[in-house]
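A short worksheet on the structure shown next.
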Amino acid sequence: MYEPDIEMMELSDIRKLQSERFVKMVRYAYDNVPMYKEKFEKAGITPDDIKGLEDAHKMPFTVKDDLRQHYPYGIRAVELDKIVRLHASSGTTGKPTVVTYTEQDMETWNNLMARCYASAGVTKGDIVQNCYGYGLFTGGLGFHYGAERLGATVIPISTGNTKKQLMMMKDMQSTVIACTPSYALYLAEAAEKEGYDPKKDFNIKVGMFGAEPWSEEARKRIEDSLGIKAYDVFGMSELYGPGVAVECQEQAGLHIWSDEFLVETIDPDTGEVLPEGERGELVFTMLTREAMPLLRYRTKDLAIINYDKCKCGRSHPRIMRIRGRSDDMLIIGGVNVFPSQIEHVLMNIEGVGDQYLIIVDRDVLDSLHVQVEVMPEFFNSPEYDPAAFAKKLETEMQAILTVRARVELMVPGALPRSEGKAVRVQDKRKNASK
Ligand code: AMP
Ligand code: ZN
């Protein structure tokens with residue numbers, strides 16, 4: 001562990017610390033961020049009404065649109081001369097959302113990332129090949145400085161240039177790879193094409209994967225093809241970046257670093273706080289963020305939180321598998337489906353390749369069309385019967401997800417590969433209504 005005193009704190013002590021920090025943070029946000037003063041006034045409360053965690057539900061939420069409305073410099077509690085870093089989220093429409101950091105925020109973030117690496121068993125003797133994109137995206141620099149903080153060697157190769165990635169992986173004998181799970185799948189495929197035998201030529205032992213949802217089946221494929229152990233890391237730019245939560249070696253959920261983040265689960269429709277153990281939208285409060293305080297930030301990510309003590313000795317609560325974001329949920333003919341559930345069904349079937357694309361359209365009724373690549377060995381084998389295989393995939397999806405889908409089998413290599421976050425869904429209904 002990187003910070004055992006904090007990581008092994010009893011849950012009751014974590015709660016006490018959270019409560020103290022929460023009360024202080026509420027006052028700080030009210031005094032220094034005009035937006036929060038307004039929000040409090042609208043809700044008819046003052047910081048005096050917040051005496052501890054038990055009062056958290058009285059506070060108004062913060063949403064992504066609040067950040068957009070405070071473009072360019074965001075929700076800021078300090079003067080610009082105290083800001084040492086700025087990142088921005090991709091934002092597919094309109095302006096990006098900007099997040100800022102003071103020196104103290106950078107300290108906190110780097111330490112959290114160092115804890116994440118250590119939680120996956122990474123040590124200062126490791127060589128980390130960091131293939132997250134360097135730039136405005138928080139992934140690149142987040143994983144970079146966390147590895148440096150731990151004392152490991154970082155190769156700041158960034159994303160793309162796959163042939164060079166593979167060459168460096170072999171020549172430098174990198175022991176850790178950090179990238180999106182979809183890029184890991186692509187690297188494994190490319191390695192084989194380039195004539196490498198990952199288990200013999202490479203020395204990678206650990207993968208630090210995150211920034212997008214991925215299924216257990218994808219994890220298994222990455223682990224098997226690269227001969228590594230794959231760990232899940234969760235974060236988002238609004239909450240510093242990566243490093244909010246991470247799996248430990250038990251791999252039974254992602255520990256949320258709760259000395260820094262207070263998490264609640266709410267019903268996404270009503271905003272009501274849900275009882276422990278129910279799946280809902282994750283809402284985070286940053287407990288010490290200096291530059292950009294965030295109180296009760298609605299993430300749209302849907303998950304269950306587990307408060308049981310983990311076998312690893314950490315009592316920080318765990319996010320059980322993240323199903324996806326509420327705004328990624330597809331409603332097809334009245335049935336709710338997450339892309340991650342479709343991935344789960346497909347990748348469980350032998351012969352299905354690593355790439356797929358979900359296309360949703362509306363003619364008279366909603367239609368779900370899934371393009372699925374076939375594994376090269378299966379594609380070239382005499383047993384491959386395209387009509388029967390497509391039917392099999394359609395039947396499985398109908399049986400498990402209760403949606404009717406039309407499966408189009410694709411030649412291996414036909415679908416675009418992703419170097420960062422994969423685009424797995426094309427919802428043509430959204431374009432039509434704009
Ligand atoms: P960004 O702000 O661009 O880093 O995107 C953050 C979003 O990526 C989160 O709100 C999640 O929806 C998603 N995300 C990040 N890490 C994970 C993960 N490990 N599993 C599932 N989704 C993730
Ligand atoms: Zn654990």
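Every number for a ligand or one of its atoms is a count from 1 in the order of the listing.
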The Zn ion (ligand 2): angle it makes with SG (Cys312) and SG (Cys310), nearest 10 degrees: 110°
Under 3.5 Å: donor-acceptor pair, side chain of Ser182, backbone of Gly420: yes
Closest protein heavy atom (residue, atom, distance) for atom 11 (C) of ligand 1: Asp301 OD1, 3.2 Å
Between Gln69 and Asp65: side-chain donor-acceptor atoms closer than 3.5 Å: yes
Option of least heavy-atom distance to atom 23 (C) of ligand 1 (set: Lys64, His87, Glu212): Glu212
Shortest heavy-atom approach to atom 15 (C) of ligand 1 - which of Pro96, Gly142, Gly235: Gly235
Residue part near ligand 1, for Arg325, under 4.0 Å between non-hydrogen atoms: side chain
Close N or O approach (Ser89, ligand 1; < 3.5 Å): no
N/O separation below 3.5 Å, Thr138 to ligand 1: no
Distance filter under 4.0 Å to Asp232 heavy atoms, resulting ligand 1 atoms: 18 (C), 19 (N)
Thr108-Glu260 side chain donor-acceptor pair, cut-off 3.5 Å: no
Distance-only polar pair, side chains of Ser119 and Tyr231, donor-acceptor under 3.5 Å: no
Cationic N near anionic O, under 4.0 Å, Glu216 to Arg219: yes
Closest to atom 7 (C) of ligand 1 (judged by heavy-atom distance), picking from Lys300, Glu247, Lys421, Glu238: Lys421
Carboxylate-amine/guanidinium contact Glu212 Lys421, below 4.0 Å: no
Pair Tyr186, Glu419: side-chain N/O donor-acceptor within cut-off below 3.5 Å: no
Protein heavy-atom partner closest to atom 6 (C) of ligand 1 - residue, atom, separation in Å: Met236 CB, 3.3 Å
Side chain, backbone, both or neither: the part of Ala211 lying under 4.0 Å from ligand 1 by heavy atom: backbone
Side chains of Thr162 and Tyr183, donor plus acceptor under 3.5 Å: yes
Contact partition for Val233 relative to ligand 1, non-hydrogen atoms under 4.0 Å: backbone
